[in-house]
Amino acid sequence: MKLHVARAGFFTTVQDLGRAGYRASGVSVGGALDPHAMRVANLLVGNNEASAGLELTLGSARLQCDDDRVIAWAGGSFDVQVGGHPVAGGRPALLRKGEELIATAPPDGARAWLVFSGGFDVPVVLGSRSTDFRSNFGGFEGRALRDGDLLNLGKSFPGTGRIAARLLKSHIASWGASNEWSNTRSSHGFLRFIRGAASSQFSHAALSRESFQVTAESDRMGVRLEGAKLMRTEITDLISEAVVPGTIQVPPDGHPILLLGDCQTIGGYPKIAHVISVDLPAAAQLRPGDAVRFAEVTLEQAQQLLLARERDLQRFRIGIRLQTQ
Amino acid sequence: MKFVALGDSALVVHLREELGKPNETLTVVRRALELLQRAALPGVTELTASYTTVAIFFDPVIVARHANDESSTQWLIARVTQTLRKPRAFRGKGGGKLFEIPVCYDGEFALDLAAVAQHAGVSEQEVVRRHSGGEYRVHCIGFTPGFPYLSGLPVELAIPRRPSPRKHVPMGSVAIGGEQTGIYPQTSPGGWNVIGRTPRRLFDPEQAPPALLQAGDCVRFHPITRAEFETLAR
């Protein structure tokens, strides 16, 4: 019941849906930077949606299990091979005992979420199995995976049995999640945002007018952008207050930072905007050198888009249940 | 009271325009936090405090179910306003404990003690005496897990942040940034002026709650020798 990591890849961590409830202690929410992709992949293998899986970042990973597992992945357009056969995102596949799974990042896109039936049996720390890489706890020994690591896999959930039975012949399912869900890219090339508390302190529409580039200093805490400098027209002293994944803050140098899941809980820089929840998956695919543009929407639109995605996910859950009956 | 959206799934309630008298503002913020905790409004998943605000995190799906045709945010704002206007007593549960934090202000730990002394126009010993003579209040925990934002620094010890932050501020560093003082619970980047180090662990994910200090707690710094530091650190 173990996963053997032959090659860990560039930056691979154990993540689930994040660590809610500890912000008051300064603990980041963390978790999969695309929690939607993680939920979809988990549903596809019959797991609990909050089961822990792997977040792969760039590079190439080679993995094996010491028993049969159903796997699925979603997120960036990775090249995933099981026993030499390509497995598309959003399609459950059978990974036989000892068979090699190779996941390689493509030239564009940055991250994918790969799950195994049963999830990872790593300790729950502060309500989550996610790796808090900044503070070194949770996940697998509080760190990114290394070559040679052995991770405990959990017992399969009841839903997996039927999926596995259907995969005995074909090994790779002909059904699964829509391409839009399994291969998350910003379909329109824009990240949509709503205004932040300090937006009026910047020149009008500064954020949506300009184009930005992702710098190499970007990580799970935030995407650092350069290009046009965003300068405040009105300088007032700000008192530190809450920030969230999606917040775009602007330090005095004028180069905006788009915060991601591992961001701090409190920040003092002015918040010009917040990328909306449904576009955070696209933000998680940004890699150094990528161009980014922003487009404003209203708070109501942002919430409607989120509600619509949740309705679709509910239909997907029902669809999976029908597939596996 | 002012409400500002913090993305599409959170709301910030501004209770004061500025910090003003820190202890009074702290009580206002803690009271609001307590009332909202007790109200347990539908869809609200988490509450946090900062100096002058309370942040309310919510699940838009659940809130929308309750809001019916109304905008989710408007519905939530109305509920929060109602909750905070209630003339209910502030129990002050959680927070309000006194912590004596041992600090070694010796040479190699006190990276910026000389700079702080020079800025304040007093001797290093005087900086230590005044810093450890004050009583501080925890306004919030953030920046890194367990990091306390404290008020109560003697004004003459205030000093701007370092022009460029250090890549690695050692774990336990006690530091001054502007008019605030704080403690780095783990080695992390940081721009505050380091004047000492505590052997006390401020964050432990195995403990409940994981942070030693909570908003509302009082802190006093108690000078210790290098030898005492080594003993306590063991």
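Below, chain A is the first sequence line, B the second, and so on; all start at residue 1.
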Undergrad: Name the region of B/Gln74, side chain, backbone, both or neither, that has any atom closer than 4.5 Å to a heavy atom of chain A.
TA: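 For B/Gln74, there is no contact with chain A at all, as no heavy atom is under 4.5 Å.
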Undergrad: Decide if atom CZ of A/Arg195 counts as having more than 12 heavy atoms of other residues, nucleotides or ligands within a radius under 6.0 Å.
TA: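 No, not enclosed.
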Undergrad: By a 4.5 Å heavy-atom criterion (distance strictly below it), what part of B/Ala5 contacts chain A: side chain, backbone, both, or neither?
TA: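 When you check distances to chain A, atoms from both the backbone and side chain of B/Ala5 fall under 4.5 Å.
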Undergrad: Got a second to check how far A/Arg23's CZ is from B/Thr48's OG1, nearest 0.5 Å?
TA: 7.5 Å
Undergrad: Side chains of B/Pro205 and A/Ser135: closer than 4.5 Å at any heavy-atom pair?
TA: no
Undergrad: Just checking A/Glu141: does its CD atom have more than 12 heavy atoms from other residues, nucleotides or ligands closer to it than 6.0 angstrom?
TA: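 Buried by this count: over 12 neighbours within 6.0 Å.
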Undergrad: Non-hydrogen atoms of chain A under 4.5 Å away: do they reach the side chain of B/His14, the backbone, both or neither?
TA: side chain
Undergrad: Tell me whether the count of non-hydrogen atoms from other residues, nucleotides or ligands lying under 6.0 Å of CZ in A/Phe11 goes above 12.
TA: yes
Undergrad: At a heavy-atom separation under 4.5 Å, does A/Tyr22 approach chain B through its side chain, its backbone, both, or neither?
TA: both
Undergrad: If I compare all heavy atoms of B/Leu6 with all of A/His274, which pair ends up nearest, and what's the gap?
TA: CD1-CE1, 3.5 Å
Undergrad: If you define the side chain from C-beta out and look only at heavy atoms, does anything of A/Arg134 sit under 4.5 Å from B/Gln186?
TA: no
Undergrad: Side chain, backbone, both or neither: which part of A/Glu310 has an atom under 4.5 Å from a heavy atom of chain B?
TA: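 Contact with chain B is through the side chain of A/Glu310 alone.
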Undergrad: For chain B, find which of A/Ala197, A/Gly246, A/Ser277, A/Ala302 contributes the most heavy-atom pairs closer than 4.5 angstrom.
TA: A/Ser277
Undergrad: Can you confirm whether A/Arg293 is buried at CZ, in the sense that more than 12 heavy atoms of other residues, nucleotides or ligands lie under 6.0 Å from that atom?
TA: yes
Undergrad: Rounded to the nearest 0.5 Å, how far does CG of B/Asp204 lie from CZ of A/Phe137?
TA: 10.0 Å
Undergrad: Determine whether more than 12 heavy atoms belonging to other residues, nucleotides or ligands lie under 6.0 Å from atom NE2 of B/His66.
TA: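 Yes, because the 6.0 Å sphere around NE2 of B/His66 holds more than 12 heavy atoms from other groups.
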Undergrad: Is the number of heavy atoms from other residues, nucleotides or ligands under 6.0 Å of B/Arg79 CZ greater than 12?
TA: yes
Undergrad: Where on B/Val61 is there a heavy atom nearer than 4.5 Å to chain A: the side chain, the backbone, both, or neither?
TA: both
Undergrad: Quick check for you: among B/Glu46, B/His139, B/Gln180, which has the greatest number of heavy-atom pairs under 4.5 Å with chain A?
TA: B/Glu46
Undergrad: Quick one: pull up OG1 in B/Thr144 and CG in A/Asp132 and give me the separation to the nearest 0.5 Å.
TA: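 Separation between the atoms: 10.0 Å.
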Undergrad: Chain B: which of A/Val125, A/Val243, A/Val244 shares the most heavy-atom pairs with it under 4.5 Å?
TA: A/Val244
Undergrad: Which region of A/Val27, side chain (C-beta onward) or backbone (N, CA, C, O), has a non-hydrogen atom less than 4.5 Å from a non-hydrogen atom of chain B, or is it both or neither?
TA: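 For A/Val27, the contact with chain B is made by backbone and side chain together.
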Undergrad: Can you tell me how far the CG atom of A/Leu126 sits from the CD atom of B/Gln207, to the nearest 0.5 Å?
TA: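 Spacing of CG (A/Leu126) from CD (B/Gln207) equals 10.5 Å.
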Undergrad: Could you tell me whether a side-chain N or O of A/Gln303 sits under 3.5 Å from a main-chain N or O of B/Pro60, the two making a donor and an acceptor?
TA: no
Undergrad: How close do B/Ser9 and A/Leu306 get, counting heavy atoms only, and between which atoms?
TA: OG-CD2, 4.1 Å
Undergrad: Is there a donor-acceptor pair under 3.5 Å between the side chain of B/Asp8 and the backbone N or O of A/Ile276?
TA: no
Undergrad: Crowded around B/Phe57 CZ? As in, over 12 foreign heavy atoms under 6.0 Å?
TA: yes
Undergrad: Under 4.5 Å, heavy atom to heavy atom, which residues of residues 255-268 of chain A contact chain B?
TA: A/Gln264, A/Thr265, A/Ile266
Undergrad: Can you tell me how far the OG1 atom of B/Thr73 sits from the CG atom of A/Leu299, to the nearest 0.5 Å?
TA: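 Nearest 0.5 Å value for the OG1-CG distance: 4.0 Å.
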Undergrad: Indicate yes or no for a side-chain donor-acceptor contact from A/Glu241 to the backbone of B/Tyr51 under 3.5 Å, with no hydrogens or angles considered.
TA: no
